[in-house]
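All heavy atoms count here, side chains included; hydrogens, waters and symmetry mates do not. All residue numbers refer to positions in the sequence shown, counting from 1.
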Amino acid sequence: MTARKRFSADASVEPSVKENSERKPQVPNTTDPPIAPPKWGLILKLSLFIVPYLYLIFSHYEIEQELRRSILINAAMSIAGFFVTVKMIPVASRYVLRRNLFGYDINKKGTSQGTVKVPESLGIVVGIVFLVVAILFQYFNFTADSNWLVEYNAALASVCFMTLLGFVDDVLDVPWRVKLLLPSIAALPLLMAYAGHTTIIIPKPLVPHVGIEVLDLGWIYKLYMGLLAVFCTNSINIHAGINGLEVGQTVVIASAILIHNIMQIGASTDPEYKQAHAFSVYLAQPLLATSLALFSYNWYPSAVFVGDTYTYFAGMTMAVIGILAHFSETLLIFFLPQVLNFLLSLPQLSGIVPCPRHRLPRFDPQTGLLTGTNDGTLVNFFLRHLGRKSEKSLCIYLLVFQAIACCFCFLLRHFLAGWYK
């Protein structure tokens, strides 16, 4: 979603006069100014939302001591991952700038900020730190004969695979047709290692008409899992284009996933069901922590761009969380804004309507406001119906809408509990 400009170091170098002349070692370009520091005030405000989460764990629900201990160990490691990510992003930024992997912010074109080289693909830092935290956590929670170990490692393999493919996409800029296939490839480790049930519970109002309460879908269920991974990954990628939106929506959804899992653990008496949702917590906590670290740099005005590396990583991580914890229906409701954005984008993505490379709103450098275009994105839809907005206020509107969608999901589950399933 950003205009990326690369330069070839070889193209600007004149041929040497003597073939046998000694070559001096190339000194890296260090003239680029350092990136802006993280926005600690924003992170401090967002960290206040941890209070209701801790209330659910320690006070509202009776959670077994051993399970609570594992959750808190994972939380402590996730917090450590947050600080490591904050420290690593400026270091990684210098390296990607040296390789001319940067972009110009199109939504600031015509201003001084629009001429600043913004480091690209910093989602690679989040993906690496997340994987390190998730892998090290196995030492504290899983034993060699754990039933969950195979699926846990398969989930990490899919996330790792998707992070790699996302970074390849950032470097090579692959076509859209290929992008649709990448999540299918990355989901293969999870699909091959999945040993859980392939059944669905028929909604109670439909049981008299169907005649059964549980339906085994077999291979169709695995196909559904693969399609869910494709949707989650690409839906984060196309609901983007303004500072903070990609990471912000992930932060909101990951927070909702954590609250949902703690509620399910506290309300259930089935040990296997509790373990499935604890599995989700073990992946959602480091996702939230590392994403918050990136958010502190990516919030308006962005000091770094996340790239397809992050959107693919975040989408695949939330997909494997929903698949292995068996709440894919709830996850899709959390993704309601992404579903709406996909439906709005479908005519252009399918080629029925011409699709430009950047489906971004128009920026007026005189006023600093964005105006919606006729492109089929939720960003432009909001601008067309709410009027011109600054980039920051537009992102806040979209993230509030994301939070409302998550609250709607909780409300829907509350009213349908005991009647629907």
Side-chain angles (χ1 to χ4, degrees), residues 46-79 82 133-134 137-138 140-143 146-149 151-152 155 196-197 199-201 203-204 214 250-289 291-292 317-336 402-421:
L46 293 177
S47 64
L48 297 177
F49 289 99
I50 199 174
V51 176
Y53 179 63
L54 294 176
Y55 167 75
L56 293 176
I57 294 177
F58 288 101
S59 179
H60 190 75
Y61 293 112
E62 292 291 335
I63 300 177
E64 291 84 349
Q65 188 66 29
E66 187 65 25
L67 188 56
R68 182 184 296 165
R69 172 182 170 274
S70 295
I71 293 174
L72 294 179
I73 290 175
N74 182 268
M77 296 181 67
S78 300
I79 292 173
F82 167 83
V133 171
F137 176 67
Q138 296 182 68
F140 298 96
N141 190 71
F142 296 110
T143 59
S146 174
N147 294 330
W148 286 94
L149 189 59
E151 291 187 354
Y152 186 83
H197 66 75
T199 59
I200 60 172
I201 300 175
K204 291 181 179 179
V214 179
T250 303
V251 167
V252 174
I253 297 173
S255 302
I257 288 173
L258 283 174
I259 294 174
H260 169 70
N261 284 311
I262 294 300
M263 291 173 64
Q264 296 304 306
I265 291 173
S268 176
T269 57
D270 183 358
E272 185 176 353
Y273 186 79
K274 288 185 177 183
Q275 187 58 48
H277 283 280
F279 178 97
S280 175
V281 172
Y282 301 152
L283 294 178
Q285 286 186 151
L287 171 64
L288 176 60
S291 295
L292 279 173
T317 303
M318 288 187 285
V320 300
I321 286 173
I323 290 169
L324 295 182
H326 308 297
F327 63 91
S328 56
E329 292 175 349
T330 300
L331 182 67
L332 284 176
I333 303 177
F334 287 155
F335 271 74
L336 182 59
Q402 184 76 64
I404 291 173
C406 294
C407 292
F408 171 73
C409 179
F410 288 117
L411 191 65
L412 193 65
R413 287 184 60 91
H414 173 74
F415 283 111
L416 296 183
W419 173 78
Y420 185 70
K421 284 190 178 181

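- In terms of heavy-atom proximity, F410 sits nearest to A256 at CZ-O, 3.4 Å.
- Between A289 and F82 the shortest heavy-atom distance is O-CD1, 3.2 Å.
- Taking both residues in full, the closest heavy atoms of L324 and A276 are given as O-CB, 4.3 Å, listed atom of the first, atom of the second, then distance.
- The line from CG of L332 to CZ of F327 is 10.5 Å long, rounded to the nearest 0.5 Å.
- By the 4.5 Å heavy-atom criterion applied to side chains, I257 and S280 are counted as neighbours.
- The distance from atom CZ of R68 to atom CZ of F58, rounded to the nearest 0.5 Å, is 6.0 Å.
- For S59 (side chain) and Y55 (main-chain N/O), no donor-acceptor pair under 3.5 Å exists by modelled atom type.
- Across every non-hydrogen atom of K274 and L67, the tightest pair is CB-CD2, 4.4 Å.
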(request) Please step through side-chain contact (heavy atoms from CB on, under 4.5 Å) for the pair Q264 and R413, ending with a clear verdict. (result) CA-CA 11 Å; Q264 296 304 306; R413 287 184 60 91; 3.3 Å; yes
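- Residues M77 and V133 share a closest heavy-atom pair of CE-O, 3.7 Å.
- Counting heavy atoms from C-beta outward, H326 and Y273 have side chains that stay 4.5 Å or more apart.
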(message) side-chain contact (heavy atoms from CB on, under 4.5 Å) for F334 and M318? Distances and angles first, verdict last.
(response) CA-CA 11 Å; F334 287 155; M318 288 187 285; over 6 Å; no
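- Note: L258 CG to I253 CD1 = 12.5 Å, rounded to the nearest 0.5 Å.
- Taking the side chain as every heavy atom from C-beta outward, H260 and H277 approach each other to under 4.5 Å.
- No donor-acceptor distance shorter than 3.5 angstrom exists from the side chain of N141 to the backbone of S70, with no hydrogens or angles considered.
- At a threshold of 4.5 Å between non-hydrogen side-chain atoms, the residues Q285 and I71 count as touching.
- Atoms CD1 and OG, from I333 and S328 in turn, are 10.0 Å apart once rounded to the nearest 0.5 Å.
- Here the closest heavy-atom approach between residue G322 and residue L331 is recorded as CA-CD2, 4.0 Å.
- One finds the OG atom of S255 at 7.0 Å from the CG atom of L292 (value rounded to the nearest 0.5 Å).
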(request) Begin with the C-alpha distance, continue with both residues' side-chain angles, and end with the deciding distance and a verdict on side-chain contact (heavy atoms from CB on, under 4.5 Å) for I262 and Y61. (result) CA-CA 8 Å; I262 294 300; Y61 293 112; 4.2 Å; yes
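- We find the CE-OG distance between M263 and S268 to be 13.0 Å, quoted to the nearest 0.5 Å.
- When side chains are defined from C-beta on, L283 counts as touching Y152, because their heavy atoms get closer than 4.5 Å.
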